[in-house]
> 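Just dropping this structure here.
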Amino acid sequence: MTDIFAAMRAEVQAALAALLPGLDPAIAARVEVSPTRDPAHGDMATNAAMVSARAAGRKPADLAAALATALTASAAIAEATPAGPGFVNLRLRPVALRAVLPAILRAGIAYGDGAAGGGQRVNVEYVSANPTGPLHIGHCRGAVVGDALARLLAKVGYDVTREYYINDAGAQVAALAWAAYWRYLQAIGTPLTEEEFAAEVPGGLQYRGEYLIDIGTALARAHGERLATATKGIAAPERWIDTVRDHTIAAMMAAVREDLAALGVAQDVFSSERALVVSGAADTLIERLRGDGLIYEGVLEPPKGKTPDDWEPRPQTLFRATQFGDDVDRPLRKSDGSNTYFANDIAYHADKIDRGFTLLIDVLGADHGGYVSRLRAAVKAVSHGAATMEAVLCQIVHVVKNGQPVRMSKRAGSYVTLRDLIDEVGRDAVRFTMLTRKADAQMEFDLDAVVAQTRDNPVFYVQYAHARCRSVLRAGAEMFGPAATADAALAAVPLDTLAAEPELAVIRRLAAWPRTVEAAALAREPHRIAFFLYDLAADFHMLWNRGKDDATLRFLQPDRHADTMARLALIAATATAIRSGLAVMGVDPVEEMR
RNA sequence: GGACCCGUAGCUCAGCUGGAUAGAGCGCUGCCCUCCGAAGGCAGAGGUCGUACGUUCGAAUCGUAUCGGGUCCGCCA
């Protein structure tokens, strides 16, 4: 048991059960053992007396007193005192508290792993950008949040699959094919001007970015002039559109994967919307829902207070989303007879359910917030309640440089691609910074601040703590030899000299890591990991700084071997916990600051 | 008109799913380096947690209402 909070909770529950034999298990389950806010209150506190007082018909304070007396008998507890409205504060025997250090050193980076996920199969879908252009900074947040969430869920025992849904079936992909075709015609030397070409494109020429030039060149190399007319003009679309579209999507997805790889993100599965349509899976699913009586032809009311100009009532194929908690029934067919995005997305989520996932987590942009309720309804309907769908919404990121906002326009220059961002500040800084805000809170990404070497930059502050740990361990290895300072050796070292308050503060923080991981995973909030690491780093730097005022608190004391080894164990455990946390964030720890 | 998200210190944000005197960084004020651990450190001021009711032993946290900001609202994805 490496989670001493869980261990103490079990002891409290046992003591409570002995005190109140008939206690409802549901109440016992509400017992918590949590860190105290104030060290003066001890190491931990439990609410056991307060949650069970009513059912027991006793006053919380009396029950707390009785519980405190009972807990005093525990081998791990030095002192148990009733406090406040019915808390029982626990001060652990230093031996019990320090025991987390060897536990960490033995567990290594696996420290904090848990079983709360119970092996449940969960699919985390994230990024899922249109393959119509390079990934930009908006996609970046979803990529980092999704990836970190997947790692976090895996750490607490979920069976996680990471997935990317390629939106390659809609009108935008047709527009992309036309745009690539334009670059192809240019590559073979068409006499057409861009305006002349654009005039012939249904819906106009939409994607004018330079990133399609290479694709046009590649098409020309592979197909010569066969995709154009004899005069290098626009051929009938059926002669080229499949070829151009497929080539372009493949090329864009290759670029997307490269960008993701540069960010350290690698999904396990890439699913194609187009494949669902082509295979007929989408239509089959719609018919299945129709068989369940969940589809009908009907007319929707226009949204109140905001009627579109071109609104006219029209019968549509509708899914009975309102039966599953949505506000309005949702259309599945466009007026041209093709499926709406939602229709295909139902089929896609049904496919995930068929593949055995019982928890579907979609990491979406906040502009998709209005889409969540219909999707959740669809998942409920398709799985007959066996699967649940959750959404993690990522709010917009504003990029700031030199105090000035960087505009997000697809037109020249000011478009911030994911690659630009990584090149500018580095992969680890991007990832860490993206996790320093709750996903559903807006974020300002200050390009200058994330590379600043100051305390208010958590990336630096946490890495600096790890580098300092490693530096001390290197010096320790010089002094005592590498064998003596290896984790396995330090795990066996006597620790009773670790008694100074700043040392205990670090130990208490380290002890809280498993419960922090579990809570973050259950709340689907990977940003909590970043905040934990910042707090741990702060505790560690404080300990380091004590050495400046009081030389006896410096880590390496050549003439006091036992003290030094104990401190090295503390430092090695700290470094391990930092690495454990950074691993969840997908950030590489550094050995030294440069 | 409706749905979802957000309102916490001057600023940027945490707050462990209902717990004790609401925290951190920046900024501000005052101290602390001849050198050996100052890319800093210590201390302090600063908040009726948007507002009002309610739920209960107890609310920043849950509910209702309301104000303010954001996102979205049939054939975009």
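Reminder, nothing fancy here: chain letters follow the sequence lines and each chain counts from 1.
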> Looking for any heavy atom pair under 4.0 Å, which part of the strands does A:A171 touch: base, sugar-phosphate only, or nothing?
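It contacts sugar-phosphate atoms only.
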> Around A:E501, counting heavy atoms of other residues, nucleotides and ligands shown, do more than 12 lie under 6.0 Å from its CD?
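Yes.
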> Could you tell me whether A:K352 and A:D362 make a salt bridge, using a distance below 4.0 angstrom between a side-chain N and a carboxylate O?
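Salt bridge: yes.
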> Is the CD atom of A:Q442 crowded by more than 12 outside heavy atoms at less than 6.0 Å?
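Yes, CD of A:Q442 has more than 12 neighbouring heavy atoms, counting only those of other groups under 6.0 Å.
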> Have a look at A:A538 and say if it touches a base, only the backbone sugar-phosphate, or nothing, with a 4.0 Å heavy-atom cut-off.
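Nothing, no nucleic acid heavy atom in range.
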> With both distances under 3.5 angstrom, what nucleotide forms a Watson-Crick or G-U wobble pair with B:A43?
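Here B:A43 is engaged in a pair, and the nucleotide opposite it is B:U29.
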> Could you give the distance separating B:C16 and B:G63 at their C1' atoms, to the nearest angstrom?
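Rounded to whole Å, the distance is 23 Å.
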> How many Å lie between CZ on A:R509 and C1' on B:G15, as a whole number?
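Those two atoms, CZ and C1', are 12 Å apart.
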> Under 3.5 Å, side chain of A:T340 to main-chain N/O of A:P331, donor-acceptor pair present?
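Side chain of A:T340 to backbone of A:P331: a pair is present.
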> For the residue pair A:Y341 and A:Y371, does the interplanar ring angle fall in the parallel (under 30°), tilted (30 to 60°) or perpendicular (over 60°) class?
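Because their plane-to-plane angle lies in the 30° to 60° range, the rings of A:Y341 and A:Y371 count as tilted.
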> Is the terminal nitrogen or CZ of A:R515 (NZ for Lys, CZ for Arg) located under 6.0 angstrom from the six-membered ring centre of A:F5 and within 45° of that ring's axis?
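Yes, cation above the ring, under 6.0 Å and within 45°.
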> Take atom P in B:A45 and the same atom in B:C62, then report the distance between them in whole Å.
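My reading of the P atoms in B:A45 and B:C62 gives 31 Å.
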> Could you state the atom-to-atom distance from CZ of A:F319 to P of B:C75 in whole Å?
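Result: 16 Å.
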> NA contact type, A:N167, heavy-atom cut-off 4.0 Å: base, sugar-phosphate, or nothing?
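Sugar-phosphate contact only.
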> I want to confirm an ordering. Mapping A:H541 and A:M443 to their closest nucleotides on RNA chain B, which one lands closer to the 5' end?
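In this pair, the answer is A:M443.
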> Hunt down the Watson-Crick or G-U wobble partner of B:C72, both distances under 3.5 Å, from any strand shown, or write none.
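B:G2 is the nucleotide pairing with B:C72.
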> Looking only at atom P, what distance separates B:G27 and B:U12, rounded to whole Å?
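Going atom to atom, P in each nucleotide, I get 15 Å.
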> Just compare B:U17, B:G74, B:A20 and give me whichever is closest to any side-chain atom of A:H41.
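Closest nucleotide among those given: B:A20.
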> Describe, in one word, how the ring planes of A:Y164 and A:F270 are oriented to each other, choosing from parallel (under 30°), tilted (30 to 60°) and perpendicular (over 60°).
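Geometry flag for A:F270 against A:Y164: parallel rings.
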> Go through B:C16, B:A20, B:A39 for me and flag the one nearest to the A:R515 side chain.
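The listed nucleotide nearest to A:R515's side chain is B:C16.
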> Base, sugar-phosphate, or nothing: which does A:R528 touch, judged by heavy atoms less than 4.0 Å apart?
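Since only primed, P, OP1 and OP2 atoms lie under 4.0 Å of A:R528, the category is sugar-phosphate.
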> Taking all atoms of both residues into account, what is the closest heavy-atom pair of A:L510 and A:Y111, and its distance?
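The answer is O-OH, 2.7 Å.
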> Select one nucleotide: of B:G74, B:A20, B:C13, the one nearest the side-chain heavy atoms of A:F531.
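So the side chain of A:F531 is nearest to B:C13.
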> Give the rounded distance in Å between these two atoms: CZ of A:R437 and C1' of B:C11.
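So the two atoms are 11 Å apart, to the nearest Å.
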> Both A:V51 and A:T516 contact RNA chain B. Which one's nearest nucleotide lies toward the 5' end?
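Residue closer to the 5' terminus by nearest nucleotide: A:T516.
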> Would you classify A:F460 as touching base, sugar-phosphate or nothing, given that sugar-phosphate means primed atoms plus P, OP1 and OP2, and contacts are heavy atoms under 4.0 Å?
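Here A:F460 touches no strand at all.
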> Where do A:L135 and A:A129 come nearest, in terms of heavy atoms and distance?
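Reported closest heavy-atom pair: CD2-CB, 3.8 Å.
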> What's the closest nucleotide to the A:M542 side chain, out of B:C42, B:C13, B:A77?
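Nearest nucleotide to the side chain: B:C42.
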> A:K334 has a side chain; which of B:A77, B:C5, B:G40 sits nearest to it?
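Between B:A77, B:C5, B:G40, the one nearest the side chain of A:K334 would be B:A77.
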> Check every strand shown and say whether A:R330 touches a base, only sugar-phosphate, or nothing at a heavy-atom separation below 4.0 Å.
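It contacts nothing in the nucleic acid.
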> Give one of base, sugar-phosphate or nothing for A:Q172, where a contact means two heavy atoms less than 4.0 Å apart.
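It contacts sugar-phosphate atoms only.
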> Expressed as a whole number of Å, how far does the C1' atom of B:G47 sit from that of B:G30?
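22 Å, rounded to whole Å.
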> On a heavy-atom basis, which atom in A:V425 and which in A:V450 lie closest, and how many Å separate them?
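Heavy-atom minimum between the residues: CG1-CG2, 3.6 Å.
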> Look at all strands and tell whether A:P331 reaches a base, only sugar-phosphate, or nothing, counting heavy atoms closer than 4.0 Å.
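Sugar-phosphate, backbone atoms only, no base.
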> Take atom CG of A:L332 and atom P of B:A77, then tell me their distance rounded to the nearest Å.
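Whole-Å distance recorded here is 14 Å.
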> Can you tell which of B:C6, B:A14, B:C4 lies closest to the side chain of A:K438?
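Given the options B:C6, B:A14, B:C4, the side chain of A:K438 is closest to B:A14.
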> Using a heavy-atom cut-off of 4.0 Å across all strands, would you classify A:Y165 as base, sugar-phosphate, or nothing?
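Result for A:Y165 = nothing.
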> What is the nucleic acid contact for A:Q206, judged by heavy atoms within less than 4.0 Å: base, sugar-phosphate only, or nothing?
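Here A:Q206 touches no strand at all.
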> Roughly how many Å apart are B:A3 and B:A77, using the P atom of each and rounding to a whole number?
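To the nearest whole Å, 27 Å.
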> With the 90 degree cut-off around zero defining syn, does B:C49 come out syn or anti?
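Here the answer is anti: the torsion falls beyond 90° from 0.
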> Is there any protein nitrogen or oxygen under 3.5 Å from a nitrogen or oxygen in nucleotides 70-72 of chain B, and what are the pairs?
residue : atom : partner : partner atom : Å
B:G70   : O2'  : A:Q442  : NE2          : 3.4
B:U71   : O2'  : A:A366  : O            : 3.1

> Picking from B:A77, B:C4, B:U17, which would you name as closest to the side chain of A:N130?
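My answer, after comparing the listed nucleotides, is B:A77.
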> Pairs under 3.5 angstrom, nitrogen or oxygen only, protein versus nucleotides 25-32 of chain B, please.
residue : atom : partner : partner atom : Å
B:G25   : OP1  : A:R455  : NH2          : 3.4

> Checking all strands, does A:G547 fall into the base, sugar-phosphate, or nothing category for heavy-atom contacts under 4.0 angstrom?
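The residue A:G547 makes no contact with any strand.
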> Roughly how many Å apart are B:C72 and B:G54, using the C1' atom of each and rounding to a whole number?
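Comparing C1' positions in B:G54 and B:C72 gives a spacing of 31 Å.
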> Measuring from the side chain of A:E525 (C-beta onward, heavy atoms only), which nucleotide among B:C5, B:G15, B:U17 has the closest atom?
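Looking only at side-chain atoms, A:E525 lies closest to B:G15.
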> May I ask which nucleotide in the shown strands pairs with B:A52, Watson-Crick or G-U wobble, both distances under 3.5 Å?
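B:U64 is the nucleotide pairing with B:A52.
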> Which nucleotide in the list B:G74, B:C16, B:C42 gets nearest to the side chain of A:A519?
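Closest nucleotide among those given: B:C16.
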> What is the distance, rounded to the nearest whole Å, between atom NE2 of A:H139 and atom P of B:A77?
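Between P of B:A77 and NE2 of A:H139: 15 Å.
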> Look at all strands and tell whether A:Y341 reaches a base, only sugar-phosphate, or nothing, counting heavy atoms closer than 4.0 Å.
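The residue A:Y341 makes base contact.
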> For A:N89, answer base if it contacts any base atom (sugar-phosphate contacts may also be present), sugar-phosphate if it contacts only those atoms, and nothing otherwise; contact means non-hydrogen atoms under 4.0 Å.
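Base contact - A:N89 has a heavy atom under 4.0 Å of at least one base atom.
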> What is the base-pairing partner of B:A20, counting Watson-Crick and G-U wobble geometry with both distances under 3.5 Å?
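Base partner found: none.
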> For the residue pair A:M443 and A:T433, what are the closest heavy atoms and their distance?
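Nearest heavy atoms, A:M443 then A:T433: SD-O, 3.6 Å.
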> Which atom pair, heavy atoms only, marks the closest approach of A:A80 to A:L90?
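Taking A:A80 first and A:L90 second, the nearest heavy atoms are CB-CD2, 3.8 Å.
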> Could you check whether the rings of A:Y534 and A:Y461 sit parallel, tilted or perpendicular, using 30° and 60° as the cut-offs?
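Tilted.
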